[in-house]
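Report on one structure; see the data block that follows.
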Amino acid sequence: MLAGIDLGGTQVRVALARSDGRLLASVKTRTHLLGTPQALVDWAAAAIDRHRGREKVRSITIAAPGPIDLKRGVLVNPPNLPWQNVPLVTMMWRATGAKVNLANDADMAGLGEFHHGAGRGTKNMVYITWSTGVGGGLIIGGKLHRGGHGTAGEVGHMIIDPNGPLDNCGQRGCLEAFVSGRALQRDTGQPASELFAAARHGDREARMIVERAARYMGIALISLTNILDPETFVIGGGVSRSWALIYPTMLETLRSSPFIKPARRPRLRRARLGDRAGQVGAVEWARINQ
């Protein structure tokens, strides 16, 4: 048996699967109800034990928000959780006896979409999660690419304009500082969900702001295409629910590059797995690393 744990600021999901990756059970709870890392570990271990039957769970992957220390298996200081330097791998291993891996949540969502979602059938894919923040996962040659230090795929911290607004990372003009839900709320004074709803209902100013954000994302897609030459971009996260608003502008911007000829222009797809992408990818990573 395998298990995947998707740790988010709002929800925690646990999925169990056969050794071939076929999902058998999935449970979730709200993160704030757990309160502490130990409570998280206890709840996840109990959920795994309850659903494994007589089978032994051999491999577990925890998908968690960065920054994380992959070598030590430590959750460093996630922006949406009040936890610091938590040795999650050791804690989960002690609770279950299984082999445990810690992985970036965007990487795992990308891996899930690659194997079981909108990226199926490709070999080179860039997954972008566009929500409160902007993250990414890279699939190169059919394998997850994590870079020399495990931090590849930080799409949100590509610099679009060095004179742009200061981002939380300390850089100026990051993509995230222009298009994230947090940035849109900063600029408009209303939650991004309300902004997109207003745009859907015909508010002209809201639509202009949304289209501007989509154009910035399209500019990022041009740079990523020139660097990585992917076959497919898969866009997930909360903003992807407004696909009809963002897709035309992203595609138009990508097509505007005279350097990216149609023969090598990537496909642009909406993610298919929704909130399940992280746990599906975590199970897949547990399968690969069992």
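Source: prediction; values computed, not measured.
The number of heavy atoms from other shown groups lying within 6.0 Å of CD (Q38) is above 12. Within a 6.0 Å radius of CZ in R270, other residues, nucleotides and ligands contribute more than 12 heavy atoms. Annotation for R72: atom CZ does not count as buried by contact number, only 12 or fewer foreign heavy atoms lying within 6.0 Å.
Applying side-chain contact (heavy atoms from CB on, under 4.5 Å) to F178 and the options V134, I219, I160 leaves one that passes, I160. Between M217 and the choices I246, T249, L175, the side-chain contact (heavy atoms from CB on, under 4.5 Å) rule is met once, by L175.
In terms of the side chain to side chain donor-acceptor pair (under 3.5 Å) criterion, residue partners of Q11 (sequence neighbours excluded) are, by chain and number, R13. By the side chain to side chain donor-acceptor pair (under 3.5 Å) test, E154 pairs with no residue at all, sequence neighbours left out. Scanning for side chain to side chain donor-acceptor pair (under 3.5 Å) contacts around E113 gives an empty result, with sequence neighbours left out. By the side chain to side chain donor-acceptor pair (under 3.5 Å) test, R200 pairs with S242, sequence neighbours left out.
Not a single donor-acceptor pair under 3.5 Å links the side chain of R287 to the backbone N or O of L2. Here the side chain of R269 pairs a donor or acceptor atom with the backbone of A118 at under 3.5 angstrom.
For R52 and E55, the salt-bridge test fails: no basic side-chain N is under 4.0 Å from an acidic carboxylate O.
Hydrophobic cluster membership differs between M108 and I235, with clusters built from Ile, Leu, Val, Met, Phe, Trp and Tyr side chains linked at under 4.5 angstrom. Linking Ile, Leu, Val, Met, Phe, Trp and Tyr whenever their side-chain heavy atoms come within less than 4.5 Å puts L245 and Y247 in one cluster. A single hydrophobic cluster is not seen to contain both I62 and W285; linkage of ILVMFWY side chains at heavy-atom distances under 4.5 Å, directly or through other members, places them apart.
The shortest distance between side-chain heavy atoms of L16 and I48 falls below 4.5 Å. Within the 4.5 Å cutoff, no side-chain heavy atoms of L88 are placed close to those of V100. Contact check for T225 versus R264: side-chain heavy atoms found under the 4.5 Å cut-off. For the pair W83 and L7, the minimum side-chain heavy-atom distance is below 4.5 Å.
In terms of heavy-atom proximity, I5 sits nearest to A282 at N-CB, 4.0 Å. Here the closest non-hydrogen pair linking A152 and D107 is O-OD1, 4.1 Å. Taking all atoms of both residues into account, the shortest heavy-atom contact from A106 to T129 is CB-CG2, 4.1 Å.
Side chain to side chain, R215 and T253 fail the donor-acceptor criterion of an N or O pair below 3.5 Å. Between the side chains of E231 and N124, at least one donor-acceptor pair of N or O atoms lies under 3.5 Å.
In this structure, the separation between CG on N104 and CG on L102 is 9.0 Å, given to the nearest 0.5 Å. One finds the NE2 atom of H145 at 4.5 Å from the CD1 atom of I140 (value rounded to the nearest 0.5 Å). If you take CG on L111 and NE2 on H116, they are separated by 8.0 Å, rounding to the nearest 0.5 Å.
Residue pairs satisfying the side-chain hydrogen bond (donor to acceptor under 3.5 Å, both in side chains) criterion with at least one member in residues 172-185, sequence neighbours excluded, are listed as follows: E176-R182. Residue pairs meeting the salt bridge (charged side-chain N to carboxylate O under 4.0 Å, His left out) criterion with at least one partner in residues 232-260, sequence neighbours excluded, are R241-D275.
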